**Q** 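Could you have a look at this structure, given as structure tokens, before my questions?
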Amino acid sequence: MTTALITGTTAGIGAAFAGRLAADGHNLVLVARDEKRLREQAADLHDRHGVEADVLVADLSEDDGIAAVEARLKDRTHPVDLLVNNAGFGNRARYLEVPIADELRMLKLHCEAVLRLTSAGAGTMRDRGRGGVINVASLAAFFPRGTYGASKAWVVQFTQGAAKDLASSGVRLMALCPGFVRTEFHARAGIKDTSVPSWMWLDPDRLVTAALKDFARGKSLSIPDPRYKAMSSLAKLAPRSALSSISSKVGRPPAKG
Ligand SMILES: NC(=O)c1ccc[n+]([C@@H]2O[C@H](COP(=O)([O-])OP(=O)(O)OC[C@H]3O[C@@H](n4cnc5c(N)ncnc54)[C@H](OP(=O)(O)O)[C@@H]3O)[C@@H](O)[C@H]2O)c1
């Protein structure tokens, strides 16, 4: 039996990863801030799939929270075989309307926590000669979309670079770039999702199935839907001005001027 540590499991994509990996027989370490939800989830996964599900309560936008998860990833007596860095959030407002403290919290969670946890996990995995890391980025990585898009672009570049550096070590890394997914993400950010056409929404369970297939194939970048794959290819060719215009229209509040 192998062990997977997933961050942000109490909702959305992280919950879908936890459910799918438990169904496949992996023991789990579930990480998020809401202890009650985590404990209920752990009991449910244990009852349904017979796996061990440990709970690690941590706020990954705080040093103490990151350090607690780093310590778990470095524990060689209970090795983690698969790390999924998934926890994340969006901000409703645009640049200069978002308080700087919230921008910094986002960079801490999306970049610093991902860097430190990947390094803690991959370092231990490299010593064992096997393991994997999936870092959840976003299709926003390919569009000019404020600190959110910039932080996710960093996740993609960092993960693909690390994947190349560790190619012969037995440790595989993959950045996952979903488009719009039906989760708690938009409600938590206070974003009305009515500007997003219904055909653009992905189901979290299907997304995770496709992502794990890409991971098993050894991809370092996964964009699990053909429509979004086409969009990311277009984004590489289109002028930045056109990308800014598309990015402003879909899934964002109007600019204040
Ligand atoms: N939904 C989309 O359309 C979409 C698209 C592209 C990429 N993504 C990315 O996918 C990832 C998961 O998002 P989701 O859509 O599943 O969102 P979600 O439904 O809102 O779930 C977010 C999860 O992250 C946890 N979390 C948030 N802040 C945290 C913190 N400071 N420390 C620890 N855990 C924290 C939350 O749990 P607690 O509140 O219990 O801590 C929750 O379990 C994010 O990285 C997001 O950027 C989402």
Side-chain angles (χ1 to χ4, degrees), residues 5-20 28-42 55-70 72 84-92 101-102 104-114 116-117 134-143 145-156 159 175-193 195-198 200-208 210-211 222-225 228 231-232 247 250-252:
L5 185 150
I6 309 160
T7 69
T9 59
T10 52
I13 297 168
F17 265 110
R20 170 60 198 271
L28 300 175
V29 183
L30 308 170
V31 181
R33 294 165 300 181
D34 186 332
E35 183 168 2
K36 182 169 175 286
R37 245 177 136 177
L38 279 171
R39 294 207 178 281
E40 285 169 3
Q41 183 182 34
V55 161
L56 209 174
V57 182
D59 183 341
L60 295 172
S61 62
E62 300 282 343
D63 276 322
D64 288 355
I66 299 173
V69 184
E70 277 178 321
R72 177 62 188 84
V84 183
N85 279 308
N86 161 77
F89 70 97
N91 280 323
R92 183 183 177 278
D102 291 350
L104 290 169
R105 201 163 61 87
M106 178 174 279
L107 289 176
K108 187 116 185 165
L109 178 61
H110 291 182
C111 302
E112 183 178 331
V114 170
R116 287 173 56 182
L117 300 189
I134 298 175
N135 288 333
V136 181
S138 168
L139 203 81
F142 306 108
F143 292 83
R145 208 172 167 94
T147 298
Y148 182 79
S151 68
K152 295 300 188 177
W154 179 86
V155 173
V156 171
T159 306
L176 168 61
C177 291
F180 290 104
V181 191
R182 289 252 180 242
T183 66
E184 296 178 11
F185 180 91
H186 296 89
R188 281 177 189 243
I191 299 169
K192 282 204 183 93
D193 52 22
S195 65
V196 182
S198 55
M200 288 185 93
W201 288 101
L202 302 175
D203 170 75
D205 292 321
R206 285 188 185 177
L207 173 89
V208 164
S222 171
I223 303 172
D225 181 272
Y228 281 115
M231 268 186 229
S232 75
S247 181
V250 184
R252 298 197 79 194

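Please read all numbers here as calculations on a predicted model, not as lab measurements. Both ligands and their constituent atoms are indexed starting at 1 by order of listing.
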**Q** Within the distance-only criterion (no hydrogens, no angle test), does the side chain of Arg37 pair as donor or acceptor with the backbone N or O of Thr10 below 3.5 angstrom?
**A**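 Yes; judged by distance alone, with no hydrogens or angles, the pair exists.
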**Q** By number and element, which atoms of ligand 1 are closer than 4.0 Å to a non-hydrogen atom of Thr10?
**A**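 Near Thr10, the atoms of ligand 1 are 36 (C), 37 (O), 38 (P), 40 (O), 42 (C), 43 (O).
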**Q** Below 4.0 Å, non-hydrogen atoms only: which portion of Pro204 touches ligand 1? Side chain, backbone, both or neither.
**A**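 No part of Pro204 is near ligand 1 at this cut-off.
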**Q** Where the closest heavy atom to atom 22 (C) of ligand 1 is concerned, which of Pro178, Gly88, Ala189, Ala87 has it?
**A**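 The nearest heavy atom belongs to Gly88.
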**Q** Compute the centroid of each ring, for Phe143 and then for Tyr228, and state whether the two points are separated by less than 6.0 Å.
**A**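 No, the ring of Phe143 stays outside the 6.0 Å limit from the ring of Tyr228, centre to centre.
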**Q** For ligand 1, indicate whether the residue Lys152 contacts it via side chain, backbone, both or neither (heavy-atom separation under 4.0 Å).
**A**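 The part of Lys152 near ligand 1 is the side chain, not the backbone.
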**Q** At a 4.0 Å cut-off, with the gap strictly under it, does some heavy atom of Arg188 reach an atom of ligand 1?
**A**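 Right, Arg188 reaches ligand 1.
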**Q** At the 4.0 Å heavy-atom cut-off, does Cys177 count as touching ligand 1?
**A**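 So Cys177 does not count as touching ligand 1.
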**Q** Contact between Leu176 and Pro224 at the side-chain level, heavy atoms closer than 4.5 Å - yes or no?
**A**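 When only atoms from C-beta onward are counted, Pro224 and Leu176 do touch, with a gap below 4.5 Å.
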**Q** Quick check: do Ile134 and Asn85 have side-chain heavy atoms less than 4.5 Å from each other?
**A**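 No. Closest side-chain heavy atoms not under 4.5 Å.
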**Q** Is the closest side-chain donor-acceptor distance between Gln41 and Thr9 under 3.5 Å?
**A**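 Their side chains do contain a donor-acceptor pair, which is all the 3.5 Å distance test asks for.
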**Q** Ligand 1 versus Leu139, non-hydrogen atoms closer than 4.0 Å: side chain, backbone, both, neither?
**A**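 Neither part.
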**Q** What do you reckon, does Arg182 put a non-hydrogen atom under 4.0 Å from ligand 1?
**A**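 No.
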**Q** For atom 10 (O) of ligand 1, which of the options Val114, Ile13, Val155 provides the nearest non-hydrogen atom?
**A**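 Ranked by closest heavy atom to atom 10 (O) of ligand 1, first place is Ile13.
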**Q** With heavy atoms under 4.0 Å as the rule, classify the contact between Leu109 and ligand 1 as side chain, backbone, both or neither.
**A**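 It is the side chain that touches ligand 1; the backbone stays farther off.
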**Q** Between Val181 and ligand 1, does any nitrogen or oxygen pair lie at a separation below 3.5 Å?
**A**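 N/O-N/O distance under 3.5 Å: yes.
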**Q** Show your reasoning for whether side chain to side chain donor-acceptor pair (under 3.5 Å) applies to Asn135 and Thr159.
**A** CA-CA 7 Å; Asn135 288 333; Thr159 306; 3.0 Å; yes
**Q** Charged N to carboxylate O below 4.0 Å: is that the case for Asp63 and Lys108?
**A**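 Judged by the 4.0 Å cut-off on N to carboxylate O distance, Asp63 and Lys108 do form a salt bridge.
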**Q** Nearest protein heavy-atom contact for atom 7 (C) of ligand 1: which residue, which atom, what distance?
**A**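 Nearest neighbour among protein heavy atoms for atom 7 (C) of ligand 1, to 0.1 Å: Ala137 O, 3.2 Å.
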**Q** Just to check, does Asp59 reach to within less than 4.0 Å of ligand 1 when the distance is taken from its heavy atoms?
**A**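 A heavy atom of Asp59 does come that close to ligand 1.
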**Q** Using a 4.0 Å cut-off to any heavy atom of Gly12, which atoms of ligand 1 qualify?
**A**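 Taking each heavy atom of Gly12 in turn, ligand 1 has 16 (O), 19 (O) under 4.0 Å.
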**Q** Determine whether the side chain, the backbone, both or neither of Ala140 has a heavy atom under 4.0 Å from any heavy atom of ligand 1.
**A**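 No part of Ala140 is near ligand 1 at this cut-off.
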**Q** Say whether, by atom type as modelled, one donor and one acceptor occur between the side chain of Thr7 and the main chain of Asn86 under 3.5 angstrom.
**A**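 A pair under 3.5 Å: yes.
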**Q** Give the residue and atom name of whichever protein heavy atom lies nearest to atom 41 (O) of ligand 1, and the separation in Å to one decimal.
**A**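 I find the closest protein heavy atom is Arg33 NE, 2.7 Å.
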**Q** Minimum distance, heavy atoms only, to atom 8 (N) of ligand 1: which one of Tyr148, Phe180, Tyr228 is it?
**A**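 Residue with the shortest heavy-atom distance to the ligand atom: Tyr148.
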**Q** Look at the rings of Phe180 and His186 and say which category their plane angle falls in: under 30° parallel, 30 to 60° tilted, over 60° perpendicular.
**A**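 If you compare the ring of Phe180 with that of His186, the planes turn out tilted.
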**Q** Heavy atom of Ala187 under 4.0 Å from ligand 1?
**A**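 For ligand 1, residue contact (heavy atoms, under 4.0 Å) with Ala187 is absent.
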**Q** Please list the nearest protein heavy atom to atom 11 (C) of ligand 1 with its residue and the distance rounded to 0.1 Å.
**A**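 Result: Asn86 O, 3.0 Å.
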